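Every heavy atom of this structure was used, including side-chain atoms; hydrogens, water molecules and symmetry mates were not. Along the sequence shown, residues carry numbers from 1. In listed order, ligands and their atoms are each counted from 1. All of these numbers come straight from a predicted model, not from anything done at the bench.
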Amino acid sequence: MLGRTLREVSAALKQGQITPTELCQKCLSLIKKTKFLNAYITVSEEVALKQAEESEKRYKNGQSLGDLDGIPVAVKDNFSTSGIETTCASNMLKGYIPPYNATVVQKLLDQGALLMGKTNLDEFAMGSGSTDGVFGPVKNPWSYSKQYREKRKQNLHSKNEDSDWLITGGSSGGSAAAVSAFTCYAALGSDTGGSTRNPAAHCGLVGFKPSYGLVSRHGLIPLVNSMDVPGILTRCVDDAAIVLGALAGPDPKDSTTVHDPINKPFMLPSLADVSKLCIGIPKEYLVPELSSEVRSLWSKAADLFESEGAKVLEVSLPHTSYSIVCYHVLCTSEVASNMARFDGLQYGHRCDIDVSTEAMYAATRREGFNDVVRGRILSGNFFLLKENYENYFVKAQKVRRLIANDFVNAFNSGVDVLLTPTTLSEAVPYLEFIKEDNRTRSAQDDIFTQAVNMAGLPAVSIPVALSNQGLPIGLQFIGRAFCDQQLLTVAKWFEKQVQFPVIQLQELMDDCSAVLENEKLASVSLKQ
Ligand SMILES: NC(=O)C[C@H](N)C(=O)O
């Protein structure tokens, strides 16, 4: 066993137990074997092998660049990658080859990471299931775990084992599936309303959303500029901290990055001294839709902190219930403005119609965007109309301030970290998920994650346990702005207590391999 985590495999590389090329080839072969998950839109095999070769030379010459040198990583397909197609899972950008790397991608490459490919998502990151992109939905690797498949058969008497596959959550579901299927050791997602934390929870991973301004957004194709942040998906907290260490810092190309964050997260987190902590439990997060399993794990987690001497306090974030509707107004308004550039002239796809400029614009956008994107543009333009602007957009900005202030008040009352669920329940089967429309789904799925983006705070989802059906459940920790390092120390302590991630993930991979060996099922899946 070479290493299940980035840290472990990095040690194996340093000790010469494996070379970057061997590691790269192992991951490439897993990418091919797990193609049916639809995690990748583009596999950059040649690029990765070339990078591995260079990394190998550095190791041989004793010039390794550090923990990320030779480590296979994947990047969500809404980050620009020089010379590699970047589609945002949209017809609008199919075939677009950016001439530059997003700052975060460049930073990973500068540290010697190997770029395995670009991962699948909801079109332009608008969604929470990774089901609404032009390349089709992403399948959750946990759909193939022995325990889940046995349970489903027993519950539904299903003959077709492949019909019950689960969503990954989203919109960074491709990145989550890529990490949990062991095709890479870390992946970049983006997080505007929960898009990194939600798939992390559904796929049994750590999903970290840094403070807004800590990590550059340059080259991340925007959804909501005022809330987007690059997110990190890994198998454990230390790995997330290593990647954050590589990515954090000011960028002259993104004026919203800060120059002097309070705590510089450049070290591996130590274990928090829990007895000195005050953990806040926001009472508004106890909603009737919360599944009993998540609820009970949430309460057990609070008890765990208490039993170790932490103070656990109920707190109130009184404007929480407005966050989804407020997000809808702000998100769609920013979307309407951001998407205006895709008109067939400035950027993206262009249709053949040339009877008039207006007809060309309209047909280009109809062909280029799916219903979800067009629907959001339409709502956004409505909110931005001169006669609606004050009543909708400006009002939503004011509500956003109230939501952000709720967090400030909670932290000012002495709370160090908030503990909440990440999602309402475990991942659901695809066929169940698509019964609802994109907007309703996002409203449900972002319920515990969205407000954090309004406030620009750091938050992390940690896998806690398997549900009765054998599926992962995550809980979320939210920290003070720019106290990302402190947040990770708490998350690390918690991770150590619950002992979830890597062992379960290894078992999952064994189950997946069993599935792959079952030729019939593998060929059914691979056709899709
Ligand atoms: N990228 C995100 O966080 C997206 C969010 N779930 C939305 O649909 O807007």
Side-chain angles (χ1 to χ4, degrees), residues 75-79 88-90 104 119-133 137-138 167-176 187-202 207-210 212 215 217 220-233 323-339 369-380 383 396 400 422-424 427 433-434 436-461 474 476 478:
V75 170
K76 187 176 179 179
D77 206 20
N78 58 352
F79 287 95
C88 284
S90 174
V104 283
T119 55
N120 205 349
L121 64 155
D122 292 298
E123 188 162 327
F124 282 97
M126 298 183 201
S128 53
S130 302
T131 53
D132 291 337
V138 185
I167 57 146
T168 49
S171 60
S172 312
S175 291
L188 294 184
S190 59
D191 197 314
T192 310
S195 275
T196 293
R197 289 160 284 157
N198 167 306
H202 286 331
F208 181 60
K209 173 218 172 287
Y212 184 88
V215 177
R217 291 178 295 112
L220 166 61
I221 295 169
L223 172 59
V224 184
N225 309 53
S226 68
M227 300 184 211
D228 295 339
V229 281
I232 299 167
L233 291 129
S323 85
I324 293 297
V325 67
C326 177
Y327 174 66
H328 180 67
V329 176
L330 296 176
C331 164
T332 57
S333 300
E334 290 202 38
V335 162
S337 138
N338 274 328
M339 296 294 149
F369 293 137
N370 70 2
D371 289 355
V372 174
V373 179
R374 289 207 303 276
R376 291 201 192 189
I377 293 172
L378 209 64
S379 317
F383 298 134
R400 176 181 183 171
T422 310
T423 53
L424 286 167
F433 186 73
I434 55 167
E436 300 280 10
D437 63 279
N438 174 284
R439 178 159 180 230
T440 314
R441 287 187 243 129
S442 291
Q444 288 164 353
D445 297 332
D446 296 346
I447 187 165
F448 302 128
T449 48
Q450 209 303 301
V452 167
N453 298 71
M454 299 260 189
L457 305 175
V460 61
S461 180
Q476 172 178 240
I478 304 169

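Less than 4.0 angstrom separates some heavy atom of Gly193 from each of these atoms of ligand 1: 2 (C), 3 (O). Residue contact check: Gly194 has heavy atoms under 4.0 Å from atoms 3 (O) of ligand 1. The distance from ligand 1 to the heavy atoms of Ser171 drops below 4.0 Å at these ligand atoms: 1 (N). Counting the atoms of ligand 1 from 1 in the order shown, those under 4.0 Å from a heavy atom of Tyr327 are 4 (C), 5 (C), 7 (C), 9 (O). Those atoms of ligand 1 that come under 4.0 Å of a heavy atom in Gly127, given as number and element, are 4 (C), 5 (C), 6 (N), 7 (C), 8 (O).
Taking a 4.0 Å cut-off on heavy atoms, Ser190 fails to register as neighbouring ligand 1. Using 4.0 Å as the threshold, Arg376 has a heavy atom nearer than that to some atom of ligand 1.
Within the 4.5 Å cutoff, side-chain heavy atoms of Pro230 are placed close to those of Arg217. Contact check for Ile324 versus Asp446: side-chain heavy atoms found under the 4.5 Å cut-off.
Contact between Gly456 and Lys209 at its shortest, heavy atoms only, is C-NZ, 3.9 Å. For the pair Ser90 and Glu123, the tightest heavy-atom approach, listed with the atom from each and the gap, is OG-OE2, 2.9 Å. Contact detail for Met126 and Met339: the closest heavy-atom pair is CE-CE, 3.8 Å. Heavy-atom minimum distance, Met454 versus Ser323: CE-O, 3.3 Å.
Only the side chain of Leu223 comes within 4.0 Å of ligand 1, counting heavy atoms alone; its backbone N, CA, C and O stay farther away. Contacts between Ser195 and ligand 1, counted as non-hydrogen atom pairs separated by less than 4.0 Å, involve both the backbone and the side chain.
Backbone and side-chain nitrogen or oxygen atoms of Asp446 are examined, and one is located within less than 3.5 angstrom of a nitrogen or oxygen of ligand 1. Here's the thing with Thr192: one of its N/O atoms is less than 3.5 angstrom from an N/O atom of ligand 1. Residue Ala125 places at least one N or O, backbone or side chain, under 3.5 Å from an N or O of ligand 1.
Put simply, the residue from Ile232, Val75, Leu188, Leu220 that forms a side-chain contact (heavy atoms from CB on, under 4.5 Å) with Val104 is Leu188.
Between Arg441 and Asp122 there is no salt bridge, since no side-chain N of the basic residue sits under 4.0 Å from a carboxylate O of the acidic one.
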